[in-house]
Amino acid sequence: MFCARKNKVLNPRLLGVFIEDNSIYCGLHLTKIQLPEQCVFVGILRESQVISATDNPTIFAGDYVLAIATHPMMVPALKVTLKKIHSVYYSLNNCLLESV
């Protein structure tokens, strides 16, 4: 794709990342996430419905966070950012740590 204003060739990449139960983003709004440079949110895919980033939705386990890297070199950084998880798996219903 050619951008006439800046005479640059754009090669944007759409990325969808599944949000696991132990994601550090569960319960946060999209605007709370600091994305790498040249990356922007598109929205969230939840149960086959797209929720726009302009609505600033809350992220839940099972969602897909959709973002665009405007340069393909930024895709790995975007993946690392969106796939951050808690270092220990936990749940309100069960705990994998032994009681002392």
Side-chain angles (χ1 to χ4, degrees):
M1 179 182 301
F2 185 74
C3 181
R5 281 189 277 176
K6 296 184 181 183
N7 295 329
K8 290 185 179 180
V9 175
L10 295 178
N11 193 5
R13 303 293 168 123
L14 176 64
L15 180 68
V17 173
F18 182 75
I19 299 299
E20 302 285 344
D21 291 335
N22 57 344
S23 169
I24 66 170
Y25 301 121
C26 286
L28 294 181
H29 292 279
L30 273 183
T31 57
K32 296 291 183 184
I33 301 174
Q34 181 74 32
L35 289 180
E37 290 182 28
Q38 300 181 17
C39 298
V40 294
F41 284 115
V42 173
I44 289 177
L45 177 63
R46 179 179 297 146
E47 297 176 5
S48 70
Q49 184 177 39
V50 176
I51 304 168
S52 173
T54 57
D55 295 335
N56 194 22
T58 301
I59 302 166
F60 296 111
D63 288 345
Y64 283 89
V65 174
L66 307 174
I68 291 178
T70 59
H71 192 284
M73 217 169 64
M74 296 308 296
V75 171
L78 182 57
K79 280 183 185 178
V80 167
T81 298
L82 295 178
K83 289 186 176 194
K84 288 184 180 177
I85 59 170
H86 291 285
S87 58
V88 176
Y89 178 80
Y90 65 94
S91 164
L92 296 176
N93 297 327
N94 59 13
C95 181
L96 300 177
L97 301 174
E98 287 186 39
S99 299
V100 178

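Any value given below was found using the heavy atoms of this structure, including those in side chains, with hydrogens, waters and symmetry copies removed.
- The NE2 atom of His29 sits 12.0 Å away from the CG atom of Asp55 when rounded to the nearest 0.5 Å.
- Side-chain atoms of Ile44 and Tyr64, non-hydrogen and from C-beta on, never get closer than 4.5 Å to each other.
- Side-chain contact between Asp63 and Leu45: absent, with no pair of heavy atoms (C-beta onward) separated by less than 4.5 Å.
- Scored by the side-chain hydrogen bond (donor to acceptor under 3.5 Å, both in side chains) test, Ser52 finds Thr54 as partners (sequence neighbours excluded).
- How far NZ of Lys84 is from CG of Asn22: 14.5 Å, rounded to the nearest 0.5 Å.
- Cluster membership for Tyr25 and Val17, using ILVMFWY side-chain heavy atoms within less than 4.5 angstrom, is shared.
- Looking only at side-chain heavy atoms (C-beta outward), Arg13 and Asn11 come within less than 4.5 Å of each other.
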Worksheet entry | Trace of the side chain to side chain contact (heavy atoms under 4.5 Å, CB included) decision for Leu35 with Phe41 | CA-CA 8 Å; Leu35 289 180; Phe41 284 115; 3.5 Å; yes
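- Residue Lys83 holds its NZ atom at 11.5 Å from OG of Ser23, rounded to the nearest 0.5 Å.
- The backbone N or O of Ala77 lies less than 3.5 Å from a partner atom in the side chain of Thr81, making a donor-acceptor pair.
- Annotation for Ala61 and Cys26: closest pair N-SG, 3.7 Å, computed over non-hydrogen atoms.
- Minimum interatomic distance between Pro12 and Ile68 (heavy atoms only, all atoms of both residues): CB-CG2, 3.9 Å.
- The two residues Glu37 and Met74 have their closest heavy-atom pair at O-CE, 3.3 Å.
- Ile24 and Leu66 end up in different hydrophobic clusters when Ile, Leu, Val, Met, Phe, Trp and Tyr side chains are linked at under 4.5 Å.
- Under the 4.5 Å side-chain heavy-atom criterion for grouping Ile, Leu, Val, Met, Phe, Trp and Tyr, Leu15 is connected to Ile59 within one hydrophobic cluster.
- In the hydrophobic cluster analysis, where Ile, Leu, Val, Met, Phe, Trp and Tyr join through side-chain heavy atoms closer than 4.5 angstrom, Phe18 is grouped apart from Val65.
- When the side chains of ILVMFWY residues are joined at heavy-atom separations under 4.5 Å, either directly or via intervening members, Leu82 and Leu28 end up in a single hydrophobic cluster.
- When atom types are taken as modelled, the side chain of Asn56 and the backbone of Thr31 share a donor-acceptor pair closer than 3.5 angstrom.
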